[in-house]
Student: 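Could you have a look at this structure, given as C-alpha cells, before my questions?
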Amino acid sequence: MNFEQFCFEPGIVAGIRSAGYTTPTPIQEKAIPLVLAGRDVLGLAQTGTGKTAVFVLPLLQRIAKGPSRQTRALIVAPTRELAEQIHQTIIDLGKGMRVKSVSIYGGVSKGPQASALRRGVEIVVACPGRLLDHIGDGGVDLSHVEVLVLDEADRMCDMGFLPDIRLILKHLPVKRQTLFFSATMPADIRHLADSILKN
C-alpha cells in the first residue's frame with residue numbers, strides 16, 4: 001500500500017515525496033478514497049495519526065481544477081497552533097501547486113489576514129472567533145465553499161465554540177462536502193455531526 005494508488009496530480013505527488021510520506025496510515029488508507037469520491041466523512045482519530053493529510057491531499061487535488069482566487073475550502077480548527085500547523089501542511093504538500101491558503105486566528109493583527117483574503121485564496125484555515133470577525137466585516141466570502149473541514153471538533157466543543165460553529169454554518173452553501181474529525185465522540189459532537197453530514 002502506497003500513496004501512488006490514490007492517483008494524485010504530479011504536483012501533489014512531488015509534495016508527498018518531499019514531505020517524506022511513503023505508506024499511508026490506517027485513517028489515510030480508509031478515508032482518502034472516500035474524500036476523493038466526494039463523500040462526507042466522519043473520522044475518529046487521535047492526534048498524530050496523519051489525519052491532516054486525509055483532508056489536505058484531496059483538497060489540493062480538487063482545487064487544482066476549477067476557479068482560482070475564490071475561497072473553495074474552509075478548514076475550522078480550535079487553536080491558532082493547529083490552524084498554523086494545517087496551513088503549513090498545505091504549503092508543504094502543495095509546493096508544486098498554484099494553491100493559495102491563509103490562516104486566520106486571533107491574538108494577531110487582522111490587517112495581513114484581511115489583505116490575503118482580498119487578494120484571493122482558495123483555502124481558508126480559521127479559528128471560529130476570528131473567522132466570525134472577518135465575516136462580520138464583510139472581509140470573507142464563503143458562498144463558493146465546496147468543502148468544509150471541522151478538525152478536532154471535540155476540542156472546539158470543550159472550548160465553547162459550538163455556537164460559533166453553528167453561526168459559521170449559516171454562511172456556507174448547503175450543498176458541499178463536509179469532513180468532520182474528532183478524537184472522541186461526546187453527545188453534542190455526535191448531534192452536530194448528525195446534523196451536518198449528509199452523504
Student: Could you check whether any side-chain N or O of Arg176 sits under 3.5 Å from a backbone N or O of Pro173, counting only pairs where one atom can act as donor and the other as acceptor?
Tutor: yes
Student: How long is the straight-line distance from CG of Leu82 back to OG1 of Thr52, given to the nearest 0.5 Å?
Tutor: 6.5 Å
Student: Indicate yes or no for a side-chain donor-acceptor contact from Asp154 to the backbone of Ser182 under 3.5 Å, with no hydrogens or angles considered.
Tutor: no
Student: Do NZ/NE/NH1/NH2 and the carboxylate oxygens of Arg72 and Glu122 come within less than 4.0 Å?
Tutor: no
Student: Could you pull out all residues at least two apart from Arg118 that satisfy side chain to side chain donor-acceptor pair (under 3.5 Å)?
Tutor: Ser115
Student: Walk me through whether Ile165 and Ile196 qualify under side chain to side chain contact (heavy atoms under 4.5 Å, CB included).
Tutor: CA-CA 11 Å; Ile165 299 294; Ile196 64 174; 5.9 Å; no
Student: Taking only residues two or more places apart in sequence or in another chain, which ones pass salt bridge (charged side-chain N to carboxylate O under 4.0 Å, His left out) with Lys175?
Tutor: none
Student: Side chain to side chain donor-acceptor pair (under 3.5 Å) with Glu29: which residues, sequence neighbours excluded?
Tutor: none
Student: How is the hydrophobic cluster of Tyr105 composed, in terms of its other members, when Ile, Leu, Val, Met, Phe, Trp and Tyr link through side-chain heavy atoms under 4.5 Å apart, directly or indirectly?
Tutor: Val108
Student: Is the backbone N or O of Ala64 less than 3.5 Å from a side-chain atom of Glu9, with the two atoms forming a donor-acceptor pair by type?
Tutor: no
Student: For Leu36, check side chain to side chain contact (heavy atoms under 4.5 Å, CB included) against everything at least two apart and list the hits.
Tutor: Phe6, Phe8, Ile32, Pro58, Gln61
Student: Report the residues that fulfil side chain to side chain donor-acceptor pair (under 3.5 Å) with Ser68, sequence neighbours left out, ordered by chain and then residue number.
Tutor: none
Student: Does Arg190 have more than 12 heavy atoms from other residues, nucleotides or ligands lying within 6.0 Å of its CZ?
Tutor: no
